[in-house]
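So the structure is just underneath, and the comments pick up after that.
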Amino acid sequence: MKRARHQNGSVVFNKRSKTWHFLWRENGQRRSKLLGPESELPTKAAAWRVAEPFRRSLDVPTTTTPTVKALAERYESERIPSRFSTARMYRSWLRNYIIPEWGSKGVTELQPRAVELWLRHLTLSSKSKAHIRAMLRILVDFAMWSGLMEISRNPIELVVVRGATNRTRQPRSLTVEEFQRLIQHSGEPLRTMAQVAVCFGLRVSELLALKWGDIDWLRGKLHIQRAIVMQNVDDVKTIASRKPMSIDASLLEVFQVWRQRTQFSGDTDWVFASPVELGRLPYSYPWFWLELQKAAKAAELGKLGTHTFRHTYRSWLDAVGTPIAVQQRMMRHTDIRTTLNVYGDVVTGEMEQAGSRVAELALSGLL
């Protein structure tokens with residue numbers, strides 16, 4: 001199909017019907033008018049001569065390319081992900097980096113060379129730059145989806161961020177001795193939180209969002225039902241994150257001891273309910289992080305990230321000889337490549353055995 005573009009519309013030749021058509025947009029909708037067959041209009045110029053009077057009569061306003069800021073605002077109102085933590089991150093990239101630099105410019109000015117040079121000069125990690133590039137790609141895709149740009153290859157796909165998959169800091173995993181030392185310098189409820197986190201490899205958002213009703217005491221299962229970010233209850237990260245996890249008998253005892261100590265022990269109560277919030281909310285992420293740093297400093301472990309327990313869990317699964325396929329299920333990763341680029345099958349008995357051995361490492365000498 002040959003197309004001759006014009007400011008307000010375009011002439012298109014349909015090879016199947018051998019006819020010329022005039023295309024234009026009206027109120028966001030694509031319109032078409034038959035101009036005539038090829039036998040009567042042998043050239044594009046001839047087709048344009050027929051189309052020109054009709055084009056002038058349309059009085060179609062020239063389409064104005066939206067600014068990046070206007071596009072971002074429309075994206076936020078129409079298509080930003082509903083998951084709180086994801087939407088929060090998207091807004092962070094938009095408001096802190098993309099809009100200050102590109103907000104006043106038209107979407108069509110997001111060209112690969114200009115974007116790549118800008119990203120190179122940002123004082124951010126390669127991974128963060130890759131996130132910003134991805135956000136720009138999403139914006140341009142949205143512009144095409146909403147009809148604000150013609151559908152074509154996304155120019156942001158040509159932008160290269162070197163070292164995007166390389167970590168600037170290696171993840172920290174604790175040895176058994178280091179974890180025991182940390183526990184010895186932790187007060188409650190941090191002590192119980194750390195034990196639960198390392199025995200299940202929980203994300204901190206999942207740990208803080210646990211409720212007593214999530215524990216199946218008879219079957220020895222823990223159900224991860226939700227996450228909480230900035231005290232906003234949210235869905236779990238992936239479908240795989242919802243898979244129930246086996247609870248070792250020694251860990252069930254840890255839960256029972258804490259349930260007897262806390263004043264919020266109903267099935268609908270948070271496992272780690274905050275007394276300051278009168279149990280309406282769990283302890284906050286800032287509280288958990290600050291208490292963890294205090295305990296780590298006292299144990300002479302340096303600074304620890306809240307994801308340390310999840311990394312430690314993965315290392316300990318390896319240490320006790322857990323097959324990689326089992327590790328993937330126990331880490332609740334959707335893709336095994338997230339755990340390690342090896343594939344395999346899993347046996348339920350192996351998961352329970354591996355979970356018990358990790359719990360034994362974490363809780364030995366503490367009960």
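All heavy atoms count here, side chains included; hydrogens, waters and symmetry mates do not.
The shortest side-chain heavy-atom distance between Val196 and Thr192 falls under the 4.5 Å cut-off. A heavy-atom distance below 4.5 Å is found between the side chains of Trp212 and Ile215. For the pair Trp258/Glu188, a side-chain contact is recorded, criterion being any heavy-atom separation below 4.5 Å from C-beta on. Contact annotation: the side chain of Arg357 never approaches that of Leu361 to less than 4.5 Å [non-hydrogen atoms, C-beta and beyond]. Side-chain contact between His21 and Leu35 is absent, with no heavy-atom pair separated by less than 4.5 Å. Within the 4.5 Å cutoff, side-chain heavy atoms of Leu208 are placed close to those of Met193. Looking at Trp145 and Tyr75, their side chains never come closer than 4.5 Å, going by heavy atoms from C-beta outward. At a threshold of 4.5 Å between non-hydrogen side-chain atoms, the residues Pro112 and Pro155 count as touching.
In terms of heavy-atom proximity, Leu94 sits nearest to Ala72 at CD2-CB, 4.1 Å. Nearest heavy-atom pair across Arg162 and Ser126 is O-OG, 3.0 Å. Summarising the geometry of Pro81 relative to Ala87, their closest heavy-atom pair is O-CB, 3.4 Å, with the distance given to 0.1 Å. Contact between Ser186 and Leu190 at its shortest, heavy atoms only, is OG-CD2, 3.8 Å. Across all non-hydrogen atoms, the minimal contact from Arg133 to Leu119 is CB-CD1, 4.1 Å. Considering all non-hydrogen atoms of both residues, Pro275 and Gln263 come closest at CB-NE2, 4.0 Å.
A salt bridge links Arg226 with Asp214; the closest basic N to acidic carboxylate O contact falls under 4.0 Å. Using a 4.0 Å cut-off between charged nitrogen and carboxylate oxygen, Arg95 and Glu76 count as a salt-bridge pair. Looking at Arg259 and Asp267, a side-chain N of the basic residue comes within less than 4.0 Å of a carboxylate O on the acidic one, giving a salt bridge. The pair Glu291-Lys294 meets the salt-bridge criterion, since a charged nitrogen lies less than 4.0 angstrom from a carboxylate oxygen. Salt-bridge annotation for Glu178 and Arg181: absent, with no side-chain N of the basic residue lying under 4.0 Å from a carboxylate O of the acidic one.
The CZ atom of Arg74 sits 4.5 Å away from atom OG of Ser146, with the distance rounded to the nearest 0.5 Å. Rounding to the nearest 0.5 Å gives a distance of 11.0 Å between CD of Glu40 and OG1 of Thr19. The CE atom of Met245 sits 10.0 Å away from the CG atom of Leu251 when rounded to the nearest 0.5 Å. Between the CZ atom of Arg91 and the OG1 atom of Thr86 there is a distance of 11.0 Å, given to the nearest 0.5 Å. Summarising the geometry, atom OH belonging to Tyr97 is positioned 6.0 Å from atom CD1 belonging to Ile132; distances are rounded to the nearest 0.5 Å. To the nearest 0.5 Å, atom CD1 of residue Ile156 and atom CG of residue Asp141 are 9.5 Å apart.
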Practice task
Give the C-alpha distance, both sets of side-chain angles, the deciding distance and a yes or no for side-chain contact (heavy atoms from CB on, under 4.5 Å) between Ser104 and Lys69.
Solution key: CA-CA 6 Å; Ser104 61; Lys69 181 179 180 180; over 6 Å; no
Exercise for the section: Take Val358 and Phe200 through the side-chain contact (heavy atoms from CB on, under 4.5 Å) test and state the conclusion after the steps. Expected result: CA-CA 9 Å; Val358 169; Phe200 292 111; over 6 Å; no
Exercise for the section: Evaluate the side-chain contact (heavy atoms from CB on, under 4.5 Å) criterion for residues Arg314 and Ser173: first the C-alpha distance (whole Å), next the side-chain angles of each, then the deciding distance (0.1 Å), finally the verdict. Expected result: CA-CA 9 Å; Arg314 164 70 173 82; Ser173 294; over 6 Å; no
Problem - Audit row: Leu304, Leu182, side-chain contact (heavy atoms from CB on, under 4.5 Å) steps and yes/no - result: CA-CA 10 Å; Leu304 297 180; Leu182 177 69; 4.2 Å; yes
Problem - Test ring pair (Phe, Tyr, Trp, His ring centres under 6.0 Å) applied to Trp270 and Tyr283, step by step - result: CA-CA 9 Å; Trp270 305 101; Tyr283 284 94; over 10 Å; no
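Under the 4.5 Å side-chain heavy-atom criterion for Ile, Leu, Val, Met, Phe, Trp and Tyr, Leu158 and Leu139 are members of distinct hydrophobic clusters. Taken together through direct or relayed side-chain contacts under 4.5 Å among Ile, Leu, Val, Met, Phe, Trp and Tyr, Leu124 and Trp102 form part of one hydrophobic cluster. Both Val233 and Phe288 belong to a common hydrophobic cluster when Ile, Leu, Val, Met, Phe, Trp and Tyr are linked at side-chain heavy-atom distances under 4.5 angstrom. Hydrophobic cluster membership is shared by Val161 and Leu136, with clusters built from Ile, Leu, Val, Met, Phe, Trp and Tyr side chains linked at under 4.5 angstrom. Taken together through direct or relayed side-chain contacts under 4.5 Å among Ile, Leu, Val, Met, Phe, Trp and Tyr, Phe84 and Leu281 form parts of separate hydrophobic clusters.
The closest donor-acceptor contact from the side chain of Trp20 to the backbone of Leu41 lies under 3.5 Å. Judged by distance alone, the side chain of Glu206 and the main-chain N or O of Arg203 form a donor-acceptor pair under 3.5 Å. In this structure, the side chain of Lys105 engages the main chain of Glu101 through a donor-acceptor pair within 3.5 Å. In terms of modelled atom types and a separation under 3.5 Å, the side chain of Glu38 and the main chain of Lys18 share no donor-acceptor contact. A distance-only check finds a donor-acceptor pair linking the side chain of Thr312 to the backbone of Leu174 [under 3.5 Å]. Looking at Gln231, its side chain never comes within 3.5 Å of a backbone N or O of Ile228 through a donor-acceptor pair. With hydrogens and angles disregarded, a donor-acceptor distance shorter than 3.5 Å links the side chain of Asp269 to the backbone of Gly266. Distance alone, capped at 3.5 Å, is enough to place a donor-acceptor pair between the Thr308 side chain and the Gly305 backbone. With Arg310 contributing its side chain and Gly201 its backbone, the two residues share a donor-acceptor pair below 3.5 Å. Remark: side-chain polar atoms of Gln293 are not paired, donor with acceptor, to backbone N or O of Leu290 under 3.5 angstrom.
Within 6.0 Å of CD in Glu300 there are 12 or fewer heavy atoms belonging to other residues, nucleotides or ligands. Around CZ of Arg261, the count of heavy atoms belonging to other residues, nucleotides or ligands within 6.0 Å does not exceed 12. Other residues, nucleotides and ligands contribute more than 12 heavy atoms inside 6.0 Å of the CZ atom of Arg172.
A side chain to side chain contact (heavy atoms under 4.5 Å, CB included) with Val159 holds for exactly one of Val115, Asn154, Leu117; it is Val115.
For Phe22 and Trp24, the ring centers sit closer than 6.0 Å to each other.
A cation-pi arrangement, defined by a distance under 6.0 Å to the six-membered ring centre and an angle within 45 degrees of its axis, is present between Lys33 and Phe54.
With hydrogens and angles left out, the side-chain atoms of Ser128 and Ser125 include a donor and acceptor closer than 3.5 Å. A side-chain N or O of Arg83 and one of Ser85 form a donor-acceptor pair less than 3.5 Å apart.
Using cut-offs of 30° and 60° for the angle between ring planes, the Phe179 and Phe309 rings count as perpendicular.
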